[in-house]
Undergrad: 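Handing you this structure, nothing more for now.
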Number of protein chains: 2
Amino acid sequence: MNEKTIQIKEIFDPYYSAPIEVWDTFAKRLKTATFNKNEEIKLPNTTEKKLYIINKGSAGIFLWKENHPVCIDLCFENDFFGDYMSLLIQKPTPLYTVCFEETEMFYITYSDLMDLYENSKFGAKIGRIAAESLFIHKQSQQIELLTQTAEQRYKYLLSKQPHIIQRVPLKHIASYLGITAESLSRIRKKIVK
Amino acid sequence: MNEKTIQIKEIFDPYYSAPIEVWDTFAKRLKTATFNKNEEIKLPNTTEKKLYIINKGSAGIFLWKENHPVCIDLCFENDFFGDYMSLLIQKPTPLYTVCFEETEMFYITYSDLMDLYENSKFGAKIGRIAAESLFIHKQSQQIELLTQTAEQRYKYLLSKQPHIIQRVPLKHIASYLGITAESLSRIRKKIVK
DNA sequence: TTCATTACTTACCATAGGTCAATTTTTATA
DNA sequence: TATAAAAATTGACCTATGGTAAGTAATGAA
C-alpha cells in the first residue's frame, strides 16, 4: 500500500469508512506534481483542470481586487486544493492559485474525476463527500467573517495553524482575514503586549 | 407530471439533464409542508432531519451572536433550505431556521435522502450536484464579504432579489450583510439621495 | 379600533480598520 | 557578500461602521 492510499484513507475516513482496496483504487488514479515556491498553478480567467490534494507544502487561492491580491483560502497538508468552482463548472473564473512553499501535490484530472463519478459507486460517493466537506468549510469561513472581529479571526487561525506565520506571508494572511497588512501588523503588535 | 417534478427538473436541469422520469422518481420522495410567518423550523442546538426546497415563500438560516440574531442565508423559491451542515453530519449545530412569510416547502427526510444516495445512481449524482451548488453559493458569499463594502453588497443583493425589501425584515438583511440595522438604514438613506 | 410591541430611522459620539507615506526588516539575487 | 526588491512595521490622519439612546412608523393582538 503506497503513500497516496494512506493519505486518501486518512482524508475520507472521518466521513466514510471503506475497505482499503477502495481507497487504493482511488489512489491509483492520482498523479503527483511538485511546484516551486511562489509558482502559479492556475492563472486568472482560466479553467481549472485538476483537483489537488496537498501532500507536503502549502498554497493559496486568490482573486485580484483593484490593486492587490485577496486570498480566499489557505491550504496545507491533506487539504483539497484548486479552483473547485471552476473545476465543477468547467468555465474560467477570476480565481488563481499559488504555492507558498515548495509543494508536492497529488491530483486527478477533470476527465478522470468525472469518469470516477460516473462509473463507480464509491466514486460518486466520495465526490459528494468532497463537495459536502468543502461546503462546510466555506460556511465556517462565512460565519467567522459575519460574527468575529479581525483580531478574533486571527487568533483562531493561529490556534488552528500555529506555524502559519512561518509558512505564509502576513500580507496574504491579512487579506484572508479581510483586513490590510497594516491592520494585521497593528493587531499582532497589540497581542504581543 | 406534478408540480414537484417540474420544480425539481427546473432546479437540477442547469447542472444535469436527465429524462423526466428521473426527476419524477426523485419528486415522489418529496413531501410537502407549510409554515406560518415567523415560524421556527429548526431550533438552535438540534439536529437537522430534512432537506427542504422552497416552493412558495421565503426563509432564513440564523445563528445567535451575543444579543442578536445573525442571518447567514436568505432563501426564496427554488432554493435549497435547511441547516445543511447539521443534516450532513447528523449532529446539533447552533444554527436555526425561520420562515419570513407563510411558506410552502417540499422536503425529503435524512433517511430517505441517504437511501436515495445509496441505492440509485442518479440519487448519488444529484446529492453531489446539490452539495457542489451549495459550495459555489457559499464561496460567492465569502468573496463578497472579503471584497465588497456593505453598500456594494446591499446594492448587489437588491439587484438579485429586487423584492427582498418587501419580504424580509431589514434587520435581517443587515445582519446578513454583516452590518447593524442602523448602518443599513444610513446606507439606504444615502442611496435614495 | 386601541394599545403594546417590534421594526426602522436619526443623531451623536466612539472605534476598528483603511489610506498614505516613511522606515525598518527580510528575502532574493547578482 | 552586496545590493536590490519585497515584506513588514509604524505613524498620522481619515472613513465606514458600531454603540447608545431617542424618536417615529408599522404591525399584531385584544
Side-chain angles (χ1 to χ4, degrees), chain A residues 35-40 57-58 60 62 64-71 74 98-102 144-158 163-193, chain B residues 35-40 57-58 60 62 64-71 74 98-102 144-158 163-193:
Chain A
F35 300 96
N36 297 323
K37 182 170 178 174
N38 296 321
E39 187 173 343
E40 298 208 331
S58 59
F62 292 86
W64 202 256
K65 165 78 195 303
E66 281 140 37
N67 50 348
H68 64 99
V70 174
C71 182
L74 297 164
V98 187
C99 282
F100 296 127
E101 309 169 289
E102 174 143 3
E144 275 183 64
L145 287 168
L146 285 176
T147 63
Q148 308 286 120
T149 65
E151 183 175 336
Q152 291 171 321
R153 297 199 294 275
Y154 175 65
K155 286 176 173 166
Y156 179 62
L157 183 61
L158 275 191
H163 303 298
I164 197 170
I165 303 302
Q166 286 75 250
R167 301 181 68 182
V168 179
L170 287 171
K171 61 176 179 174
H172 293 142
I173 296 175
S175 77
Y176 176 76
L177 295 172
I179 58 178
T180 59
E182 293 92 331
S183 288
L184 178 57
S185 185
R186 284 179 205 113
I187 287 169
R188 282 160 52 77
K189 190 178 178 180
K190 185 180 156 202
I191 289 174
V192 173
K193 276 194 282 201
Chain B
F35 300 96
N36 297 323
K37 182 171 179 173
N38 296 323
E39 187 172 343
E40 299 208 332
S58 59
F62 292 87
W64 202 255
K65 165 78 196 300
E66 281 140 38
N67 51 348
H68 63 99
V70 174
C71 182
L74 299 164
V98 188
C99 282
F100 296 127
E101 310 169 287
E102 174 144 2
E144 276 183 64
L145 287 168
L146 286 176
T147 63
Q148 308 286 119
T149 65
E151 182 175 337
Q152 291 172 320
R153 295 198 295 275
Y154 175 66
K155 286 176 174 167
Y156 179 61
L157 182 62
L158 275 191
H163 300 116
I164 198 169
I165 303 301
Q166 287 75 250
R167 302 181 69 182
V168 179
L170 287 170
K171 61 176 181 175
H172 293 142
I173 295 175
S175 77
Y176 176 76
L177 295 172
I179 57 177
T180 60
E182 293 89 339
S183 288
L184 179 57
S185 187
R186 281 177 218 115
I187 287 169
R188 283 161 50 77
K189 190 179 179 181
K190 184 180 156 201
I191 289 175
V192 173
K193 275 194 282 202

Undergrad: B/E151: which residues meet the side-chain hydrogen bond (donor to acceptor under 3.5 Å, both in side chains) condition with it, sequence neighbours left out?
TA: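 side-chain hydrogen bond (donor to acceptor under 3.5 Å, both in side chains) check on B/E151 returns B/K155, B/K190.
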Undergrad: When A/R153 is tested against each of A/L177, A/I173, A/I187 for side-chain contact (heavy atoms from CB on, under 4.5 Å), which residue passes?
TA: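 Output: one option passes, namely A/L177.
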Undergrad: Separation of B/I187 atom CD1 from C/dT9 atom C1', in whole Å?
TA: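 Rounded to the whole Å, the gap is 14 Å.
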Undergrad: Not counting sequence neighbours, which residues clear side-chain hydrogen bond (donor to acceptor under 3.5 Å, both in side chains) with B/S185? List them please.
TA: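 Partners of B/S185 under the side-chain hydrogen bond (donor to acceptor under 3.5 Å, both in side chains) test: none.
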Undergrad: Using 0.5 Å steps for rounding, measure from the OG atom of B/S183 to the CZ atom of B/R186.
TA: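 One gets 4.5 Å once the value is rounded to the nearest 0.5 Å.
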Undergrad: Identify, residue by residue, the members of residues 166-177 of chain B with a heavy atom below 4.0 Å from DNA chain D, and return them in order of residue number, or none.
TA: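 Heavy-atom cutoff 4.0 Å gives no residues at all.
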Undergrad: Round to the nearest Å and state the distance from B/K189 atom NZ to C/dC8 atom C1'.
TA: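 Rounded to the whole Å, the gap is 12 Å.
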Undergrad: So, does A/S185 get its side chain near the phosphate of D/dT9, meaning an N or O under 4.0 Å from OP1 or OP2?
TA: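 It does, given that an N or O in the side chain of A/S185 lies less than 4.0 Å from OP1 or OP2 of D/dT9.
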Undergrad: Calculate the interatomic distance between A/L184 atom CG and D/dA7 atom P; express it in whole Å.
TA: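 One finds 15 Å between P of D/dA7 and CG of A/L184, rounded.
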Undergrad: Does B/L158 have any side-chain contact (heavy atoms from CB on, under 4.5 Å) partners at least two apart in sequence or in another chain, and if so, which?
TA: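 Counting only residues at least two positions away or on another chain, B/L158 forms a side-chain contact (heavy atoms from CB on, under 4.5 Å) with B/Y154, B/I164, B/I165.
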Undergrad: So, OP1 or OP2 of D/dG18: does either fall under 4.0 Å of a side-chain N or O from B/K65?
TA: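 For B/K65, the contact criterion (side-chain N or O under 4.0 Å from OP1 or OP2 of D/dG18) is not met.
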Undergrad: Locate the shortest heavy-atom distance separating A/L146 from B/S175; write the atom from each residue and the value.
TA: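 Of all heavy-atom pairs spanning A/L146 and B/S175, the closest is CD2-O, 3.7 Å.
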Undergrad: In sequence, state the C-alpha distance, the side-chain angles, and the governing distance for B/E102 and B/F35, and then conclude on side-chain contact (heavy atoms from CB on, under 4.5 Å).
TA: CA-CA 6 Å; B/E102 174 144 2; B/F35 300 96; over 6 Å; no
Undergrad: Under the rule for side-chain hydrogen bond (donor to acceptor under 3.5 Å, both in side chains), what residues qualify as partners of B/E40, not counting sequence neighbours?
TA: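 Counting only residues at least two positions away or on another chain, B/E40 forms no side-chain hydrogen bond (donor to acceptor under 3.5 Å, both in side chains).
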Undergrad: Starting at CZ of A/R188 and ending at P of D/dA7, how long is that distance when rounded to a whole Å?
TA: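 Distance check: A/R188 CZ to D/dA7 P gives 15 Å.
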Undergrad: Looking at residues at least two apart in the chain, or sitting in another chain, which of them share a side-chain contact (heavy atoms from CB on, under 4.5 Å) with A/Q152?
TA: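 A/Q152 satisfies side-chain contact (heavy atoms from CB on, under 4.5 Å) with A/Q148, A/T149 only.
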Undergrad: Using nucleotides 21-30 of chain C, report all nitrogen or oxygen pairs with the protein that are shorter than 3.5 Å.
TA:
residue: C/dA28; atom: OP1; partner: A/K37; partner atom: NZ; Å: 3.2

Undergrad: Mind calculating the distance between CD (B/E66) and P (D/dG18) to the nearest angstrom?
TA: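 Whole-Å distance recorded here is 13 Å.
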Undergrad: Atom CD1 of B/I164 to atom P of C/dC8: distance rounded to whole Å?
TA: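 Distance, rounded to whole Å: 12 Å.
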Undergrad: In whole Å, what is the span from the CD1 atom of B/I179 to the P atom of C/dC8?
TA: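 Computing the B/I179:CD1 to C/dC8:P distance gives 13 Å.
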Undergrad: Only counting residues at least two apart or in another chain, list the ones meeting side-chain hydrogen bond (donor to acceptor under 3.5 Å, both in side chains) with A/E101.
TA: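 With neighbours one apart ignored, the set is A/S58, A/R167.
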Undergrad: Please find the pair of heavy atoms, one from A/F100 and one from A/G60, that lie closest to each other, and give the distance.
TA: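 Taking every non-hydrogen atom into account, CE1-N, 3.5 Å.
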Undergrad: Determine which pairs satisfy salt bridge (charged side-chain N to carboxylate O under 4.0 Å, His left out) with at least one residue from residues 170-179 of chain A, sequence neighbours left out, and list them in order.
TA: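 For residues 170-179 of chain A: none.
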Undergrad: Could you go through the side-chain contact (heavy atoms from CB on, under 4.5 Å) check for A/V168 and A/Y176 one step at a time?
TA: CA-CA 11 Å; A/V168 179; A/Y176 176 76; over 6 Å; no
Undergrad: Using a cut-off of less than 4.0 Å, is there contact between a side-chain N or O of B/T180 and OP1 or OP2 of D/dT17?
TA: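 So the side chain of B/T180 is outside the cut-off, no N or O lying under 4.0 Å from OP1 or OP2 of D/dT17.
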Undergrad: Using the side-chain contact (heavy atoms from CB on, under 4.5 Å) criterion, which residues pair with A/K65? Sequence neighbours excluded.
TA: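 By the side-chain contact (heavy atoms from CB on, under 4.5 Å) rule, A/K65 matches A/H68, A/V70, B/T147.
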Undergrad: What does the list of N/O pairs under 3.5 Å between the protein and nucleotides 12-16 of chain C look like, with a distance for each?
TA:
none

Undergrad: At 10 degrees resolution, what angle do the end axes of the helix from C/dT1-D/dA30 to C/dA30-D/dT1 form when each is taken over five base pairs?
TA: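 For the helix from C/dT1-D/dA30 to C/dA30-D/dT1, the axes at either end differ by 60°.
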Undergrad: Rounded to the Å, how far apart are B/Y154 OH and C/dC8 P?
TA: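 Spelled out: OH on B/Y154 to P on C/dC8 is 11 Å.
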